[in-house]
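Have a look at the structure below, then the notes.
Just so you know, ligand 1 is whichever comes first in the structure, and atom 1 is the first atom listed for that ligand. Just so you know, residue 1 is the first one in the sequence shown, and it goes up from there.
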Amino acid sequence: METKSHQQLHIFFFPFMAPGHSIPAIEIAKQFASYSVKSTMITTPLNAPQFSKVTQNSKQLGFDHEIELLFLQFPSVEAGLPQDCEQYSSATTQEMELKFFKAVTLLEPQLEKVLSKHRPHCLVVDALFPWATNAAAKFGIPSLLFHGTGFFSLCASKSMLIHQPHLKLSSDSESVVIPDFPVEITMKGSDIPAYLKLNLENEFTKLFKSSKDAEERSYGVIVNSFYELEPDYADHFGKIFGKKKWHIGPVSLYNKAAEEKAGRRCIERSVEEVHECLHWLKSKKPKTVVYVCFGSLTNFSDSQLLEIAEGLEASGQEFIWVVNKEKKDKEEWLPEGFEQRVEGKGLIIRGWAPQVLILEHQAVGGFLTHCGWNSILEGVSSGVPMITWPVSAEQIFNEKLVCEILKTGVAIGGQQWGTFGDINVEIEASVKRVAIQKSVSLIMVDEKAEAMRDRAKELGKMARRAVEEGGSSFKDLSVLIDELRSL
Ligand code: UDP
């Protein structure tokens, strides 16, 4: 995968401290390393385990150059947080989340120091760190912004931010059409993410606005998507953004070794544990298992988890369900005798699941997802239809893409979501067991959904083609690296 030029490029990557941001950033850094680019990941000491596997093994993984780690000390205490709070998910109240973002901005002097010392050729920076673009500019270092979402939601967010269409509504239950958008997409006022409603003037609207301003100052944007998935929106984004953009995804598909995929986030789970669910899947017929997972941050109430359990059982389908809870003697969120009744038919994974490997398994035939962008792309890449249940951030736009444009999913009809800054607010039982049961049966076995399943399969093939030699994302990545070399 060598390109013509052998000039040693050195790129810094600086992802936000949450798995949905660090996982794709690691994948991108690995791709850069495979092009003989020296890649350095900036993180904080307590976030290091997520990165250490790839940094320790980069030679074994076949990269010419090692991926290095560089640490900034996270100013938790200065921002009023407990000392060990360095990951977004460990900010367990809304107040702590605000302090977390404050702590993040306090990293600026440390970032400046390392940029001034190492003078990398480019900084690939998370869109949640808008101030970092200024820090890089001080040293004449170009920044590439990484939003971690797709073109559809980038375009929709931009339109909402510019036009503020909710201001024309007299109530949140009325609907608007997304202005200046390639197709007609209708949204209820209450569906528009709060961080896009500038009249609310809170820390999150400010953060999002500064992130968009940073986009203007950046050299360009890296997008974890592939052209064939959302061509109209990739083109539209090019027009409204007016800057350079490269689509280089799905980055999860670049990950070749199974062990590497299993340990994408951390090395806490042993290989045996990882193999337990894969072993279980081996005993299942193709396309018979629905995989249920709500990402790394979703916090459902016990009553909502109970509805999910009842709905899954009533669907009669086999399932793997990832629940962000530790095993306890008495579990309020599980119906009496649930695990005994579903034994052999359903598997609950408490904690972290090897999601990519599960989704890629031939036994998996559907995905109930919270619509985090990484999960959506991983579902698309695996060619499975999805049940969409957005809970926060830009996930509502991702649902629209899957259900209304790609037509490879069904919306479950969730009514409650947050923005950033309330990931820890427990989500009450807005989705009832009947809706869960019906949508699971629909995507898994209903004849009516056959066309949807076929389309999903086709998209999965397109995703794989995009990252193969000569594919659209493969080409865009080498164009990007050549361009960085020529700067
Ligand atoms: N993930 C995983 N195992 C889990 C939960 C999540 O491997 O048990 C991974 C998933 O594959 C994805 C990332 O964590 O790559 C979550 O990112 P996403 O954008 O889907 O959602 P977020 O967690 O940011 O809400």
Around Lys212, counting heavy atoms of other residues, nucleotides and ligands shown, do more than 12 lie under 6.0 Å from its NZ?
yes
Residue part near ligand 1, for Trp352, under 4.0 Å between non-hydrogen atoms
both
Main chain of Gln304, side chain of Glu307: is a donor-acceptor contact present, judged purely on distance under 3.5 Å?
no
Check the angle between the aromatic planes of Phe100 and Phe74 and answer parallel, tilted or perpendicular using the 30° and 60° thresholds.
tilted
Look only at the side chain of His147 and the backbone of Thr149, and say whether a donor-acceptor pair between them is shorter than 3.5 Å.
no
Which ligand 1 atoms, with their elements, are less than 4.0 angstrom from a heavy-atom of Trp373?
19 (O)
Greater than 12 external heavy atoms within 6.0 Å of Lys432's NZ:
yes
Residue-ligand contact His370/ligand 1, heavy atom below 4.0 Å
yes
Contact with ligand 1 for Cys293, non-hydrogen, under 4.0 angstrom
yes
Proximal ligand 1 atoms for Val322, defined as those under 4.0 Å from one of its heavy atoms
8 (O)
Ignoring angles and geometry beyond distance, decide whether Ile23 reaches within less than 3.5 Å of ligand 1 through its nitrogen or oxygen atoms.
no
Checking heavy-atom distances from atom 12 (C) of ligand 1 to each of Glu378, Gln395, Arg350, the winner is Glu378
Ligand 1 contact on Asn374 by region, counting heavy-atom pairs under 4.0 Å:
both
Please work out which of the three classes, parallel, tilted or perpendicular, describes the rings of Phe474 and Tyr35, given edges at 30° and 60°.
tilted
Atoms of ligand 1, numbered as shown, that sit under 4.0 Å from any heavy atom of Ala353
2 (C), 3 (N), 4 (C), 7 (O), 8 (O)
Do the ring planes of Phe237 and Phe241 sit parallel (below 30°), tilted (30 to 60°) or perpendicular (above 60°)?
parallel
